[in-house]
Protein chains: 2
Amino acid sequence: MPVTIKDVARESGVNVSTVSRALNGEYGVHADTREMVAAVARRLGYRPNRVARGLVTGRSHTLGLVVSDIRNHFFAEVARGAEDAACRAGHDLILCNSDLDPDKQMRYMQSLLEKRVDGILMNSVSVLSRAQQEQLAAMGVAIVLLNRTAPRGVFSTVCADNRGGGRLAAEYLLKLGHRRIAHLTGPRHHGNMTDRARGFVRALSAVPQPVEPVMIYGRNDFTGGYEMGRELLARHPEVTAVFAASDTMAFGAIRAFIEAGRRIPGDLSVIGFDDIELAAIVNPPLTTIYQPKYEIGEAAVEILLRHADRKKPHAPEHRVFDVRLVERQSCKPRD
Amino acid sequence: MPVTIKDVARESGVNVSTVSRALNGEYGVHADTREMVAAVARRLGYRPNRVARGLVTGRSHTLGLVVSDIRNHFFAEVARGAEDAACRAGHDLILCNSDLDPDKQMRYMQSLLEKRVDGILMNSVSVLSRAQQEQLAAMGVAIVLLNRTAPRGVFSTVCADNRGGGRLAAEYLLKLGHRRIAHLTGPRHHGNMTDRARGFVRALSAVPQPVEPVMIYGRNDFTGGYEMGRELLARHPEVTAVFAASDTMAFGAIRAFIEAGRRIPGDLSVIGFDDIELAAIVNPPLTTIYQPKYEIGEAAVEILLRHADRKKPHAPEHRVFDVRLVERQSCKPRD
DNA sequence: GGGCTTCCTGCAAACGTTTGTGAATTCTCC
DNA sequence: GGAGAATTCACAAACGTTTGCAGGAAGCCC
């Protein structure tokens, strides 16, 4: 049975309201009283009950983070950035894994809303219907999307310059002389990956002798990359360069290539996206597009907190982070 | 302004208590009434306020997860297992990164307690003082430790058979004929890693011609492993086999070895611990000790939930998961 | 010393639920 | 048809805070 504010009030001979004011450092309470109350509180080991406080203030000091899978290193990095930023601001983070399942995502959203979180940051799996958007916006909860570059919607967004990243990958492979190129990407309608593909395809077709890449869709994880790699070898053995929309998929594909006796980059050049830590240490080290994962999480929380006041509905903010090519050893000029 | 239970009551012409009972499926409300209330609630889009409910029931349906760093793949996996188990039971998970900093850990604990979480699972950084243990236990919050094998303390524990894993690694290296062996491990007083070291050292000394390994302490991440790898080369170039207490450290060390022109496993055999996904795909594939990370997170939450009733203080539970050697290609017999 | 601030503190109403208690209604059965 | 049991519901008190309001005690100035 934890000690409550009433215990502190009784013990120190003042009213609970005075205790509350004293402990929260508000105006209008005598220094002596404040000190005495603080001493009593300390002696009793009083810890304010935040759910009670949340009930009256309407703020829970809690944020929701909905990602597809925290085991994905990209999201782990985003989560860490978000958690640090939240922690600095005295907020907590509730972790949710949606598995790209719209139902699961919606259940999580409901749960978070029922807990009256001050804000939610999510990589939305599917395009939210107008009705869903309205509903969420009406709940008065701030939302930041992590994978929509420039939505027409009402929510703020934070993400990397995915389209630019796709362009960088294309220009790099073209510069190396490749003409038979494939793109391994994630599920359709996945905001970030769609943008990467768009930038990639557009850049390939914006040159004197346009290239039309082989497109292969799959799951955004190691096994998905592996399967896509096998499919590529079976159906398009002529390809000499591959752009995978994430490092994890790139690793899976490389595994498939090596198993089939191909050499990287001898027979096949591979470029990834994300620049996760292990990209530097696999063999060969993976050439990839860097995006600032930690900073994305941080920025998302900062925007969230700025909007969480919900006095007046802020206009949505959109923040795009620059990406850059990290040249390692998984690509080489075409012979 | 969200719709409250009062709105539903007024709109459906019954008392709030009836609405509450109807929606929570309790006895003592007529089927017709229940249905009518449910319909009104649906029409109004009523969502119960869980913080209000938590205030009166005393249960928040929230768990705290304190890990050192979610970017560590081991913890990501544990977190995912924990989150899945929590989700199944209708609970949420608050994520905290302690960075192995005792102060930060304690601040997080306080924050979680103030939020009245139903339980906390943590990889405690430091040995909790008896007083801290008492205090936490007195708060009536269930706690499961993720890195103490058999504590004398009052809390439940879940972990892998770290000592056994250390022994497996030692026996394997001995079997390959190595006699000059090093162990790269994490910070001192880190429960899991200490146990791995203990099992490793003991097994090395339990043979006819005992081996005393070179011990190097450092940070449990890629850079830490890299630095330890360099230190090892500088101070003990005679070593032919290395046991790293985590795969991540092993990767760092391998990087240092390769930079120095050593070949793996030609010049130096390396064995890790964890068997994270990427252990299979680096080059050479890493021989390591597998531990069931996801299942550890799952089991921890299940124990937590079982104890969270806190009617009577359960006796602490201790669960140890088996580990096994995964033989890949980073070790070879000594010439 | 009286009226005026200014400062401090107590009172009580909220916040949105759950739940024990008792009243009112219906049902059952003779 | 009526007594008693069973069912269904309303009332109100909690849960632990915050906060607007008002009352009381000082202090200040003339």
Side-chain angles (χ1 to χ4, degrees), chain A residues 1-38 40-41 44-62 90 111 113-118 139-140 310, chain B residues 1-38 40-41 44-62 90 111 113-118 139-140 310:
Chain A
M1 215 47 56
V3 19
T4 77
I5 198 174
K6 288 181 190 166
D7 301 322
V8 179
R10 185 169 0 89
E11 195 73 12
S12 52
V14 297
N15 192 276
V16 291
S17 61
T18 305
V19 175
S20 173
R21 278 186 262 258
L23 262 31
N24 291 332
E26 287 189 27
Y27 289 127
V29 35
H30 196 86
D32 295 349
T33 319
R34 178 195 311 281
E35 208 163 315
M36 189 262 289
V37 168
V40 172
L44 264 45
Y46 168 67
R47 288 279 129 202
N49 182 329
R50 293 212 194 208
V51 356
R53 172 184 305 186
L55 183 57
V56 26
T57 63
R59 318 200 74 243
S60 62
H61 286 261
T62 305
S111 173
L113 291 176
E114 292 180 7
K115 285 230 166 94
R116 298 298 190 267
V117 296
D118 296 332
M139 294 295 298
R310 73 163 165 293
Chain B
M1 215 46 54
V3 19
T4 78
I5 198 174
K6 288 182 190 166
D7 301 323
V8 179
R10 185 172 356 93
E11 195 72 13
S12 50
V14 297
N15 191 277
V16 290
S17 61
T18 305
V19 175
S20 173
R21 278 187 258 261
L23 262 30
N24 292 333
E26 289 189 26
Y27 289 126
V29 36
H30 196 85
D32 295 350
T33 318
R34 179 194 311 280
E35 208 162 316
M36 187 262 287
V37 168
V40 172
L44 264 46
Y46 168 67
R47 287 279 130 202
N49 182 329
R50 292 214 193 207
V51 354
R53 173 184 303 189
L55 185 57
V56 28
T57 63
R59 318 202 71 244
S60 62
H61 286 263
T62 305
S111 173
L113 291 175
E114 292 180 6
K115 286 230 166 94
R116 297 299 190 268
V117 295
D118 296 333
M139 294 295 298
R310 75 164 165 292

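Keep in mind that what you see is a predicted model, and the values were worked out from it rather than measured. Residue numbering restarts at 1 for every chain, and letters A, B, ... go by the order of the sequence lines.
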Hey, is the side chain of A/Thr57 poking within less than 4.0 Å of OP1 or OP2 on C/dC15, counting only N and O atoms? no

note: B/Ile5, atom CD1; C/dG16, atom P; distance rounded to Å ~ 11 Å

Candidate pair B/Arg47 and A/Leu113, rule side chain to side chain contact (heavy atoms under 4.5 Å, CB included), full reasoning: CA-CA 8 Å; B/Arg47 287 279 130 202; A/Leu113 291 176; 5.8 Å; no

Whole-Å distance, A/Arg10 CZ to C/dG10 P, equals 15 Å

Write down the atom of B/Asn24, the atom of B/Arg53, and the distance for their closest heavy-atom approach. OD1-NH2, 3.7 Å

Rounded to whole Å, how long is the line connecting atom CD of A/Glu114 with atom C1' of C/dT17? 13 Å

Judged by atom type as modelled, is there a donor-acceptor pair below 3.5 Å linking the side chain of A/Ser60 to the main-chain atoms of A/Arg116? yes

Value in whole Å for how far the P atom of D/dT18 lies from CG of A/Leu55: 11 Å

Can you identify which nucleotide, out of C/dC15, D/dC15, D/dT8, has its nearest atom closest to the B/Lys6 side chain? C/dC15

Give me the atom names and distance for the closest heavy-atom approach of A/Val8 to A/Val19. CG1-CG1, 3.8 Å

d(CG, B/Asp32; C1', D/dC9) in whole Å: 14 Å

Axis-to-axis angle across the helix from C/dG1-D/dC30 to C/dC30-D/dG1, five pairs an end, to 10 degrees? 40°

In terms of heavy-atom contacts, B/Met36 and B/Val14 come closest through CE-CG1, 4.4 Å

For A/Val51, answer base if it contacts any base atom (sugar-phosphate contacts may also be present), sugar-phosphate if it contacts only those atoms, and nothing otherwise; contact means non-hydrogen atoms under 4.0 Å. nothing

Smallest heavy-atom separation, A/Ile5 atom then A/Tyr46 atom, equals N-CE1, 3.4 Å

Look at the side chain of B/Asn24 and decide which nucleotide, out of D/dG16, C/dT9, C/dT18, has an atom nearest to it. C/dT18

Whole angstrom is fine here: how far is it from NE2 in A/His30 over to P in C/dT9? 7 Å

What integer distance in Å separates A/Leu44:CG from D/dG16:C1'? 15 Å

Expected output is a numbered-order residue list: members of residues 15-23 of chain A with a heavy atom under 4.0 Å from any atom of DNA chain D. What is it? A/Ser17, A/Ser20, A/Arg21

Nucleotide nearest A/Asn49 (side chain, heavy atoms from C-beta), chosen from D/dT8, D/dT17, C/dT17: D/dT17

Kindly give the heavy-atom pair with the smallest separation between B/Thr33 and B/Val29, and that separation in Å. CB-CG2, 4.0 Å

Considering non-hydrogen atoms only, spot the tightest contact between A/Arg50 and B/Glu114 and give its length. NE-OE1, 2.7 Å

Whole angstrom value for the distance that separates P of C/dC15 from CG of B/Asp7: 11 Å

Starting at the 5' end of DNA chain D and moving along, which residue's nearest nucleotide shows up first, B/Arg116 or B/Gly13? B/Gly13

Check whether any side-chain N or O of B/Lys115 sits under 3.5 Å from a backbone N or O of A/His61 as a donor-acceptor pair, and report yes or no. yes

